[in-house]
Amino acid sequence: MQTRWVIAALLAIPLLDTLLLIPLSGFIGFVPTVLLVVLTGLVGMLLVRAEGRHTLSKLQRKVATGALPTNELLDGGLLIGAGAFLLTPGVVTDLLGFVLAVPVTRYPIREALKRFVVRPYLEKQTEGFFSGDVWVGGFPDDDVINLDPENYGRPDDDNS
């Protein structure tokens with residue numbers, strides 16, 4: 001069900017780009033529109049390159065100290081997405097690329113990814129051990145057998 005929405009969004013973005021580029025080229029002209037798209041793509045790629053280097057150095061520092069580089073790996077993935085959006089010509093894709101490339105807007109996206117994608121996936125894979133939300137009060141089934149304290153020992157063997 002969620003895959004359908006992702007596919008629909010991926011198809012709607014180029015359509016929206018086309019629907020915005022046509023009136024924009026009519027308003028400012030064809031050549032300025034092409035120059036705008038090329039310029040935003042170049043500036044965005046320079047930004048992604050600089051942010052990628054910064055993220056890579058943070059990742060190397062975390063690995064060197066033995067810490068888990070979770071945020072840096074998510075930032076790297078978001079920067080790859082930003083680069084893909086910025087290479088795709090269009091106004092909407094450039095805007096999405098800049099949103100993913102700028103650290104101020106990338107931080108809330110990263111936190112939302114951790115909350116709604118990473119944590120539920122890890123919870124499912126570890127059956128609750130990731131957050132500590134596991135059953136610790138005995139068996140979670142309804143088949144609980146209550147024994148009297150004198151019946152806790154082993155049953156007597158009849159073959160003695």
Enquirer: Does a side-chain heavy-atom distance below 4.5 Å link I13 with F85?
Expert: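 I13 reaches F85 side chain to side chain.
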Enquirer: Would a single hydrophobic cluster contain both L78 and F98, if residues Ile, Leu, Val, Met, Phe, Trp and Tyr are joined by side-chain heavy-atom contacts under 4.5 Å?
Expert: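 Per the 4.5 Å side-chain linkage, F98 and L78 are not co-clustered.
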Enquirer: Can you pull the side chain to side chain donor-acceptor pair (under 3.5 Å) pairs that have at least one residue in residues 34-50, sequence neighbours excluded?
Expert: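 Sorted result for residues 34-50: T40-D94.
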Enquirer: Counting only heavy atoms not in L68, do more than 12 sit closer than 6.0 Å to its CG atom?
Expert: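 No.
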Enquirer: I need the E111 CD to L74 CG distance, nearest 0.5 Å.
Expert: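 Rounded to the nearest 0.5 Å, the CD-CG separation comes out at 9.0 Å.
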Enquirer: Identify the heavy atoms of M45 and G83 that sit nearest to each other, and give their distance.
Expert: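 Closest pair (atom of M45, atom of G83, distance): SD-O, 3.8 Å.
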Enquirer: Of all heavy-atom pairs between L21 and G90, which one has the smallest distance, and what is that distance?
Expert: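 Here L21 and G90 meet closest at CD1-CA, 4.0 Å.
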Enquirer: Could you pull out the closest heavy-atom pair between A82 and A101, with the gap in Å?
Expert: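 Scanning both residues completely, I find the closest heavy atoms to be CB-N, 3.9 Å.
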Enquirer: Which pairs count as side chain to side chain donor-acceptor pair (under 3.5 Å) when at least one residue sits in residues 13-26, sequence neighbours excluded?
Expert: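 Listed by first then second residue: D17-T93.
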Enquirer: Starting at CG of L47, measure out to CG of L100 and round the result to the nearest 0.5 Å.
Expert: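 It is 11.0 Å, given to the nearest 0.5 Å.
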Enquirer: Who pairs with L73 by side chain to side chain contact (heavy atoms under 4.5 Å, CB included), at least two apart in sequence or on another chain?
Expert: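 So L73 forms a side chain to side chain contact (heavy atoms under 4.5 Å, CB included) with L59, P69.
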Enquirer: Between side-chain atoms of residues 26-36 and protein atoms elsewhere (two or more places apart, or another chain), which donor-acceptor pairs fall under 3.5 Å?
Expert:
residue : atom : partner : partner atom : Å
T33     : OG1  : G29     : O            : 2.6

Enquirer: Please check if V48 and L87 belong to a single hydrophobic cluster, counting links between Ile, Leu, Val, Met, Phe, Trp and Tyr side chain heavy atoms closer than 4.5 Å.
Expert: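 Both belong to a single hydrophobic cluster.
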Enquirer: Under a 4.5 Å side-chain heavy-atom rule over Ile, Leu, Val, Met, Phe, Trp and Tyr, are L39 and L86 clustered together?
Expert: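 Same cluster: L39 reaches L86 through Ile, Leu, Val, Met, Phe, Trp or Tyr contacts under 4.5 Å.
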Enquirer: Return each pair, listed once, that meets side chain to side chain donor-acceptor pair (under 3.5 Å) where at least one residue sits in residues 70-80; pairs must be two or more places apart or across chains.
Expert: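 Passing the test, one end in residues 70-80: N71-K114, D75-R106, D75-R110.
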Enquirer: Tell me the side chain to side chain donor-acceptor pair (under 3.5 Å) pairs involving residues 52-62, sequence neighbours left out?
Expert: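 For residues 52-62: none.
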